[in-house]
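Below is one structure, written out as structure tokens, with a few remarks after it.
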Amino acid sequence: MRQNKVRRRYAKALFDLSLEMERVEEVYKDMQYIMDLSLEVPEFRILMKSPIIRPDKKIKIFDAIIPQSFQELTVKFVHLIVNKNRELFVDQIADEFFELYKEHKNIKTVHLQSAYGLSDENRKNIIEIIASQLNAQIDLVEDIDEDLIGGFVLKTGDRIFDSSISRKLENLKKEFSVNIYKKGF
């Protein structure tokens, strides 16, 4: 629970300030860089989570590894979270920032599971159909699940559309498991 409050508050503060300063796109890129750094460089995660390394050392190391193109707002924000001992939440704060960004830009994340990869034409058609239905830009996340046999499963928010062969087989199995035979006819 504490993590959710921390990540939400800090991400919202950063997002609101970047919106006010008209630097949302630039800060988004900076946060993407920080997230990539956190995911791809284990030493960065260790640095941020280490209770042994003093905050001033963490700040110096962070300042040394970021590009010159980083926004001053982002740099000051990272300094703030390090000084407040919230640096272990940096990737979660970035995640929450991305959610706020998507909400602001009316971008919906849609997860598509299929048994096989989609062709570019099918992907484009699916994105167009979903975009018109949801009246939003679509961020399509694809996942291949061979257990589906065929068809696809589409998830967005709390809505699921399951048109997979495995689901249809499961439904048939349930239908046939009910014995409708009545003795005496």
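- When every heavy atom of Y116 is checked against every heavy atom of I149, the shortest pair comes out as CE1-O, 3.8 Å.
- E72 pairs by the side-chain hydrogen bond (donor to acceptor under 3.5 Å, both in side chains) definition with K76, not counting sequence neighbours.
- Nearest heavy atoms, F97 versus A11: N-CB, 3.6 Å.
- Counting Ile, Leu, Val, Met, Phe, Trp and Tyr side chains that sit under 4.5 Å apart, directly or through other members, I160 shares a hydrophobic cluster with L148, V153.
- Remark: D120 pairs with R123 by the salt bridge (charged side-chain N to carboxylate O under 4.0 Å, His left out) rule, at least two apart or across chains.
- Using a 4.5 Å heavy-atom cutoff, the side chains of I59 and N83 are in contact.
- Heavy atoms only, all atoms of each residue included: I65 and Y33 are closest at O-OH, 3.3 Å.
- Rounded to the nearest 0.5 Å, atoms CG (D30) and CD1 (I34) are 6.5 Å apart.
- The side chain to side chain contact (heavy atoms under 4.5 Å, CB included) check on K84 picks up Y10, L80, R86, with sequence neighbours excluded.
- Between atom CE of residue M31 and atom CZ of residue F70 there is a gap of 8.5 Å, rounded to the nearest 0.5 Å.
- Between atom CD1 of residue I93 and atom CG of residue L14 there is a gap of 9.0 Å, rounded to the nearest 0.5 Å.
- The side chain to side chain contact (heavy atoms under 4.5 Å, CB included) search around E26 returns R23, Q71, not counting sequence neighbours.
- Both L39 and I81 belong to a common hydrophobic cluster when Ile, Leu, Val, Met, Phe, Trp and Tyr are linked at side-chain heavy-atom distances under 4.5 angstrom.
- Closest heavy-atom contact between L88 and N85: CD2-O, 4.1 Å.
- Taking Ile, Leu, Val, Met, Phe, Trp and Tyr as members and joining any whose side-chain heavy atoms lie under 4.5 Å apart, directly or through other members, I46 forms no hydrophobic cluster with any other residue.
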Please report, to 0.1 Å, the donor-acceptor pairs under 3.5 Å made by any side chain of residues 47-55, with sequence neighbours excluded.
from: S50; atom 1: OG; to: I52; atom 2: N; distance (Å): 3.2
from: S50; atom 1: OG; to: I53; atom 2: N; distance (Å): 3.4
from: R54; atom 1: NE; to: D56; atom 2: OD1; distance (Å): 3.2
from: R54; atom 1: NH2; to: D56; atom 2: OD2; distance (Å): 3.2

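- Connection of F161 to I138 is established within a shared hydrophobic cluster, with ILVMFWY side chains joined at heavy-atom distances below 4.5 Å, either directly or through further cluster members.
- Side chains of N125 and E121 form a contact here, defined as non-hydrogen atoms less than 4.5 Å apart.
- The shortest non-hydrogen separation linking A115 to G150 is CB-N, 3.8 Å.
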Let me have the donor-acceptor pairs involving side chains of residues 105-112, under 3.5 Å, with sequence neighbours excluded, atom names and distances please.
from: K105; atom 1: NZ; to: E25; atom 2: OE2; distance (Å): 2.9
from: N106; atom 1: ND2; to: N135; atom 2: O; distance (Å): 3.0
from: T109; atom 1: OG1; to: K102; atom 2: NZ; distance (Å): 2.8

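- Here Q113 contributes atom CD and D147 contributes atom CG; the two are 9.5 Å apart, rounded to the nearest 0.5 Å.
- Under the salt bridge (Lys or Arg N to Asp or Glu O under 4.0 Å) criterion, the residue pairs touching residues 156-165 are D162-R167, with sequence neighbours excluded.
- Every salt bridge (charged side-chain N to carboxylate O under 4.0 Å, His left out) that D16 has, sequence neighbours left out, goes to K12.
- A distance of 6.0 Å separates CG of L17 from CD of E20, quoted to the nearest 0.5 Å.
- Hydrophobic clustering keeps I144 apart from I126 (ILVMFWY residues linked when any side-chain heavy atoms are closer than 4.5 Å, directly or through intermediates).
- Applying the side chain to side chain contact (heavy atoms under 4.5 Å, CB included) rule to Q32 yields the partners Y28, D36, F98; only residues at least two apart in sequence or on another chain are considered.
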Practice problem: Tell me, with the steps shown, if S69 and K29 meet side chain to side chain contact (heavy atoms under 4.5 Å, CB included). | Solution: CA-CA 10 Å; S69 62; K29 289 176 187 171; over 6 Å; no
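- In this structure the side chain of S18 reaches within 4.5 angstrom of the side chain of L73, judged on heavy atoms.
- Shown here for F15 and V24, the closest heavy-atom pair between the two residues is CE1-CG1, 3.9 Å.
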Exercise. May I have the step-by-step check of side chain to side chain contact (heavy atoms under 4.5 Å, CB included) for F152 and L118, ending in yes or no?
Key: CA-CA 10 Å; F152 61 91; L118 294 175; over 6 Å; no
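- Atom CD1 of I127 is separated from atom CG of L140 by 5.0 Å, given to the nearest 0.5 angstrom.
- Residue pairs satisfying the salt bridge (Lys or Arg N to Asp or Glu O under 4.0 Å) criterion with at least one member in residues 87-97, sequence neighbours excluded, are listed as follows: R7-E96, R8-E96, K58-E87.
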